[in-house]
Amino acid sequence: MDLPGPALPIDPLLPDLLAALKSRGQAVLQAPPGAGKTTRVPLAMLGHVEGRIVMLEPRRLAARAAAERMAETLGETAGGRVGYRVRGEAKTSRETKIEVVTEGILTRMMQSDPGLEGIGAVIFDEFHERSLNADLGLALILEARAALREDLQLVVMSATLDAAPVAALMGDAPLLTAEGRAFPVDTRWLDTALPARARLPEGVAELTLKALSETEGGVLVFLPGEGEIRRTAALLSPKLPDDVHLQPLFGAMAFKDQRAALTPAPQGRKLVLATSIAETSLTIPDIRVVVDAGQARRARFDPNSGMSRLVTERVSLAEAEQRRGRAGRVAYGTCYRLWTRGQEGALPAFPPAEIETADLTGLALELALWGASALPFLTPPPPGPLAEAQALLRNLGALDGQDRITAHGKAMAALPLHPRLAHMLLRAGQGAAPLAALLAERDILQGAPADLSLRLKALADPRRYQHDHSHPIRRDALERVKQEAKRLARLAPGDQGLDPSDMAALAYPDRIGLRRKGDAPRYLLSGGKGAVFDPADPLAQTRLIVATDLDGDPREARIRQALPISEAALRALFPDLIRWQDLCHWSERDNRILAKSQETLGALVLAERNWSAPPEARARAALDGIRALGLAQCGMSPAARRLQARVALLREEGADLPDVSDAALLERAEDWLLPHLTKIRNAEDLKALDLHEALRNSLDWEQQQRLDHLAPAHFTTPLDRRVPIDYSGGQPEIAVRLQEMFGVTEHPVIGPRRLPLKITLLSPAQRPVQVTTDLPRFWDTSYADVRKDMRGQYPRHPWPENPREADPTLRAKRRGT
DNA sequence: CTCTCCCT
């Protein structure tokens, strides 16, 4: 391959790549950083492709840089044969054959022209980063290739050794692997693991001092975030030798401060404390040593709350390798890892693909716009979050009841904004552009109170704001927001004259907050989640707010930015969402039925009044009360329990009767219990219930007859007295005066299997004398002894010698007889 | 013990 410029490790592979493209139309190219794939591959394909070549980069900076370097190789500047197009900026011309674009641009191109007319090849660079847009873009390209454009050439380039799954997804595309051009890096692990409780900054500071003493050259330390960087810097600075220059580096820093970290130190050693921004986005020259704390902070979208929150996690092996590689760009290097060799096996191989953890609202909108049902994703979007995203889009009016895209949804998809903000801009018009820009970008105020109108003021007149307020404006963020606001204003329809609060409420109908009772500034959000202000925040007394930025804590989110809003404004904005609802339910807290009408906005109750609920509704609420309190507390009188036990006994004996255990009764409660609950008001009423009759009536007539016959409630004594039978034990039993049983010569039995009744025979003073299940045998055996005792104790009572033939009696003998 | 990074 004959390309201008110095030879690169990728060069020998380029003929193979062209051959693969010629025969198969696609290829996967795997090459480590420094192999030269980004600048070489498009140039090599120039002249072998009919139409333009489009190359995707995950970052604007990288897209611009790649285009400029390639143009330079051709002796041109960007905008000639090589051009680029990123958000808000394009340098292309009619001459342009190679167009470097950021990943979102491709989606837009495909949505407006699925056949990609005029384009002959698409190259995905840095595909291993697995950005949401790259995954979507590849799925769309594969589908377009299958249906419309078999001739479209496709190259997927990846830095890591895990390209096989992509090649498989592409229908076993040829897989080419190149060597990189980097210097070896010596890896040093900890000898013993850091204690689980150890603080990261302490550990990193110690390891960094060790690295400084053992090596030469620039040192790059990887930490998870700004906070850790600041704390580590505070620990290190008093202990550093004079020739070491410490530089923090993270995304929120002003660009000029970032530049300081990126320029070589004039003398002495540079020590850069960086986030993962230095992993791929920014290259720092002169680094010979890497210290890796082994953690990464990532956004994780929680579909339940509809918010992203940050989690700090262990790095994956792929990230650790990428970090390590940063020490070998200029010379042999050294990498210190804040973990042991043994712990390495527990690290995941790769970080999760963005599609697995991100907010999928934008993706769901793109899918609806594309219209196909199942795209060939390398990792399909997880169904739960996708369904949540679709629900939000329906709320915003972007999807109809059948999840088809609406005209409004199409207009939303055309805007370079999150669907929430796109909806807001379309409904509110131009006036919403500054707010949309503020909400889309990083916060421009550092350490300021939550009130979003402060940001609007700072944006409108920074100088005056700075004069009136002490917290600083982040100048770089301000510039970005200003530019963005200008762009969005051009894309927006005519202004509708809404307040910023109204606009924000349009974007976040699920984050309207109503202050809870109490001193703490805690809020219930219309989406059902909880949120809380810093108690010192001036907005903390406001009754109604729109929370535009929350930290995503799943228990109770902290409100970072919000606007106050009036109830009147909400009524005007959401006439369809605010409605009266009748509510009759059991309150477990109050132990009573609550019946009221509520005016609600989602989970919020704006107003309420009493409601006289119909008996049917009250009965259902009462039933929930019974379920909450348990049947044992509600109406299971001794009579009801006895009935239950009688049925249970017969069922055990094999009788065909319904199950009336508590569990079964609750299960069937709607059938037998509901009509008896119409007058219930509270737990007292439930406790006063007697369900004996209801329970009995739950059996049909024939069943009742059988029950009474086989397991009667009472035993009738020879004196015609009805004694209740106790069915609560293992065997039904009664207690009866011994003398009342005189003359009984057959033992009474229960049930179809003729289970003998357990009889406790009592003395005249109601003391148990004998327990028997065989009365005739008792008369014949132990009665004689009992009689002897009893005669002594109760001489005035009859103790006949032959009880089988005596008359039953409860009386004493008359005096003198 | 105040937020990593990126994009239409």
Side-chain angles (χ1 to χ4, degrees), chain A residues 56-63 85-90 101-112 126 129-137 140 199-201 222-231 234 249-253 258 274-282 293 295-300 307-313 315 319 322 351-352 354-355 357-359 361-363 365-366 369 412-419 421-422 425 436 440-443 445-450 471 474 477 480 484 487-488 491 533-534 536-537 549-553 557-561:
Chain A
L56 272 53
E57 290 293 329
R59 281 168 289 281
R60 284 185 247 176
L61 202 74
R85 202 145 39 117
V86 298
R87 175 188 185 124
E89 192 189 353
V101 303
T102 35
E103 289 160 345
I105 300 262
L106 179 81
T107 311
R108 290 274 63 73
M109 289 164 74
M110 296 209 63
Q111 292 283 20
S112 57
E126 314 277 14
E129 291 191 15
R130 296 297 307 278
S131 77
L132 185 52
N133 280 323
D135 272 20
L136 172 62
L140 294 179
R199 285 155 176 263
L200 194 74
F222 281 102
L223 286 154
E226 185 180 341
E228 289 87 349
I229 287 175
R230 224 181 276 125
R231 286 192 286 278
L249 177 62
F250 49 89
M253 273 168 54
Q258 286 187 350
T275 61
S276 52
I277 193 173
E279 213 172 282
T280 51
S281 310
L282 300 174
Q295 296 198 342
R297 194 157 285 147
R298 319 180 205 278
R300 174 133 318 154
M307 297 176 221
S308 287
R309 72 196 146 93
L310 291 172
V311 292
T312 309
E313 292 179 325
V315 287
E319 290 161 298
Q322 178 70 27
E354 195 183 0
I355 201 169
T357 59
D359 173 2
T361 317
L363 179 81
L365 188 60
E366 295 292 352
L369 181 61
M412 282 164 63
L415 290 173
L417 283 169
H418 187 282
L421 301 178
L425 193 65
E441 299 286 332
R442 233 188 259 273
D443 192 359
L445 294 185
Q446 212 159 14
H471 28 262
R474 284 177 167 166
R480 266 212 292 269
E484 204 48 36
R487 255 190 91 219
L488 293 174
L491 299 171
F533 269 123
D534 179 340
D537 198 284
D549 192 17
L550 296 151
D551 76 352
D553 189 307
R558 283 191 85 80
I559 305 167
R560 284 204 212 95
Q561 289 179 29

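Every chain is numbered from 1, with letters handed out A, B, ... down the list of sequences. From a predicted model like this one, the values you see are computed outputs, not experimental measurements.
Between Glu226(A) and Arg231(A), the residue anchored nearer the 5' end of DNA chain B, judged by the nucleotide with its closest heavy atom, is Arg231(A). Summary of the strand contacts: Glu228(A) and Glu57(A) both lie near DNA chain B, and taking for each the nucleotide with the nearest heavy atom, the more 5' one is attributed to Glu228(A).
The CG-C1' distance, from Asp359(A) to dT8(B), rounds to 14 Å in whole Å. Leu415(A) places its CG atom 14 Å from the P atom of dT8(B), with the value rounded to the nearest Å. Summarising the geometry, the separation between CE on Met110(A) and C1' on dC7(B) is reported as 18 Å, rounded to the nearest angstrom. Between the CD1 atom of Ile559(A) and the C1' atom of dC3(B) there is a distance of 17 Å, rounded to whole Å. Here the C1' atom of nucleotide dC6(B) and the CZ atom of Arg298(A) are 14 Å apart, to the nearest Å. Spacing between atom CG of Leu491(A) and atom P of dT8(B) amounts to 13 Å, rounded to whole angstrom units. Rounded to an integer number of Å, the gap from CD of Glu126(A) to C1' of dC6(B) is 13 Å. Rounded to whole Å, atom C1' of dC5(B) lies 10 Å from atom CG of Leu310(A).
At a threshold of 4.5 Å between non-hydrogen side-chain atoms, the residues Arg297(A) and Glu313(A) do not count as touching.
Inspection of the Glu103(A) and Ser131(A) side chains reveals an N or O donor paired with an N or O acceptor under 3.5 Å. In summary, the side chains of Asp359(A) and Thr361(A) do present a donor paired with an acceptor at a separation below 3.5 Å, with no hydrogens or angles considered.
Here the side chain of Ser276(A) is nearest to one of dC3(B), dT8(B), dT4(B), namely dT4(B).
When heavy atoms are screened at a 4.0 angstrom cut-off, Ala296(A) is found touching no nucleic acid atom at all. Using a 4.0 Å heavy-atom criterion, one finds that Leu417(A) contacts the bases of the nucleic acid, with or without backbone contacts as well. The residue Thr275(A) sits close only to the backbone: its heavy atoms come under 4.0 Å of sugar-phosphate atoms, none of a base. Arg59(A) comes within 4.0 angstrom of sugar-phosphate atoms only, judged by non-hydrogen atoms across all strands, and of no base.
In terms of phosphate contacts, Thr102(A) brings a side-chain nitrogen or oxygen within less than 4.0 Å of OP1 or OP2 of dT8(B). Phosphate contact (OP1/OP2 of dT8(B), side-chain N/O of Arg60(A), threshold under 4.0 Å): present. The shortest distance between the side-chain N/O atoms of Arg442(A) and the OP1/OP2 oxygens of dC5(B) is below 4.0 Å. Of the side-chain N and O atoms in Arg108(A), none sit less than 4.0 angstrom from OP1 or OP2 of dT8(B).
Not a single donor-acceptor pair under 3.5 Å links the side chain of Asp135(A) to the backbone N or O of Arg130(A). Not one N or O on the side chain of Thr102(A) forms a donor-acceptor pair closer than 3.5 Å with the backbone of Gly104(A).
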